[in-house]
Amino acid sequence: MTYSILILNGPNLNLLGTRQPDIYGATTLADIEQSCESEAKKLRLALDFKQSNSEGVLIDYLHQAREQHHGVIFNAGAYTHTSVALMDAISSIGLPVIELHLSNIHARESFRHKSFIAPVALGQICGFGAAGYTLAMNAMKTHLEAQS
Ligand code: DQA
């Protein structure tokens, strides 16, 4: 069976590559998308890759994923630390969601230690930079196969 996954990116992640490279690295979101595409081929996953700076649009993408995908890998950016609405959306769609961050949010400012996504996520991957995306894809595939 070919599983289909959505990789969803939240606010300011469109600026990766130029945004605080000391924290987030020099890799652009387009570079990350490309490496996810090649990992998807290796893993035989269908992949959709999206980004939005808007909380409402991210909620709409999560709702649409219910009809289109088997799982979601989600870097919610700063909304991770603020958004009950995104937490509710994840709880509502009944899909496994892996929370992802490039940086180790637990080693940063205390306001980043709180995640509204973590209690409703399958698990969290953080601190591995851009490599976290392909780690999450492997974790999602393993999970989906174990579920079937
Ligand atoms: C981030 C961590 C968040 O705290 C921050 O607001 C981001 C990026 C990460 O990928 O490390 O925008 O999600």
Side-chain angles (χ1 to χ4, degrees), residues 3-43 45-66 68-144:
Y3 293 107
S4 176
I5 64 168
L6 169 65
I7 299 184
L8 188 55
N9 294 282
N12 302 307
L13 293 166
N14 54 312
L15 299 182
L16 284 178
T18 57
R19 171 194 183 198
Q20 298 175 280
D22 46 319
I23 297 174
Y24 297 115
T27 312
T28 66
L29 195 62
D31 294 334
I32 291 174
E33 180 170 7
Q34 220 165 49
S35 65
C36 290
E37 291 288 357
S38 64
E39 191 71 9
K41 281 198 188 98
K42 277 189 222 153
L43 295 175
L45 291 170
L47 176 68
D48 199 0
F49 194 97
K50 288 187 155 79
Q51 189 273 334
S52 175
N53 292 320
S54 152
E55 192 174 14
V57 172
L58 292 167
I59 292 168
D60 290 340
Y61 285 154
L62 287 168
H63 291 179
Q64 288 161 20
R66 197 165 43 155
Q68 296 169 0
H69 302 291
H70 298 95
V72 180
I73 295 165
F74 191 16
N75 186 346
Y79 291 141
T80 304
H81 318 299
T82 62
S83 180
V84 176
L86 284 171
M87 177 178 78
D88 285 349
I90 292 167
S91 302
S92 305
I93 60 173
L95 290 180
V97 174
I98 296 178
E99 176 182 355
L100 176 74
H101 303 283
L102 294 136
S103 63
N104 179 356
I105 57 172
H106 305 289
R108 298 182 63 194
E109 305 95 321
S110 58
F111 66 84
R112 293 186 206 273
H113 301 175
K114 165 79 186 168
S115 168
F116 282 94
I117 311 294
V120 292
L122 181 62
Q124 185 190 71
I125 293 175
C126 72
F128 296 100
Y133 284 80
T134 50
L135 289 173
M137 291 172 73
N138 280 274
M140 182 62 81
K141 182 172 179 190
T142 302
H143 171 77
L144 291 170

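Atoms within a ligand are numbered from 1 in the order they appear, just like the ligands themselves. Values reported hereafter were calculated over all heavy atoms of this structure, with side chains retained and with hydrogens, waters and symmetry mates removed.
Annotation: atom 12 (O) of ligand 1 to nearest protein heavy atom, R19 NH2, 3.0 Å. In terms of protein heavy atoms, atom 11 (O) of ligand 1 is closest to S103 OG, 2.6 Å. The closest protein non-hydrogen atom to atom 1 (C) of ligand 1 is H101 ND1, 3.6 Å. Closest to atom 9 (C) of ligand 1, if we only count protein heavy atoms, is L102 N, 3.4 Å. Closest to atom 4 (O) of ligand 1 among all protein heavy atoms lies H81 NE2, 2.7 Å. Of the protein's heavy atoms, R112 NH1, 3.3 Å lies nearest to atom 5 (C) of ligand 1.
In terms of polar-atom proximity, L13 is not counted as a contact of ligand 1, lacking any N or O under 3.5 Å from an N or O of the ligand. For T80, no nitrogen or oxygen atom sits less than 3.5 Å from a nitrogen or oxygen atom of ligand 1, counting backbone and side chain alike.
Here the side chain of E99 pairs no donor or acceptor atom with the backbone of F74 at under 3.5 angstrom. A donor-acceptor contact shorter than 3.5 Å is absent between the side chain of N14 and the backbone of S52.
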Checklist line | I117/Q124 under side chain to side chain contact (heavy atoms under 4.5 Å, CB included): CA gap, chis, key distance, verdict | finding: CA-CA 9 Å; I117 311 294; Q124 185 190 71; over 6 Å; no
Margin query: Set out, in order, the CA-CA distance, both residues' side-chain angles and the distance that settles side chain to side chain contact (heavy atoms under 4.5 Å, CB included) for R108 and I23, then state yes or no.
Written below: CA-CA 10 Å; R108 298 182 63 194; I23 297 174; 3.6 Å; yes
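Ring planes of H113 and H106: tilted class, angle from 30 to 60°.
Residues H70 and S4 bring no donor and acceptor atom of their side chains to less than 3.5 Å of each other. Counting only N and O atoms by type, the side chains of S91 and D88 include no donor and acceptor under 3.5 Å apart.
Of all the heavy atoms of L100, none lies under 4.0 Å from any atom of ligand 1, so neither backbone nor side chain is involved. With a 4.0 Å cut-off on non-hydrogen atoms, N12 does not touch ligand 1 at all.
Heavy atoms of Y79 stay at 4.0 angstrom or farther from ligand 1.
Applying the side chain to side chain contact (heavy atoms under 4.5 Å, CB included) test between I7 and each of K50, M140, M137 identifies M137 as the sole match.
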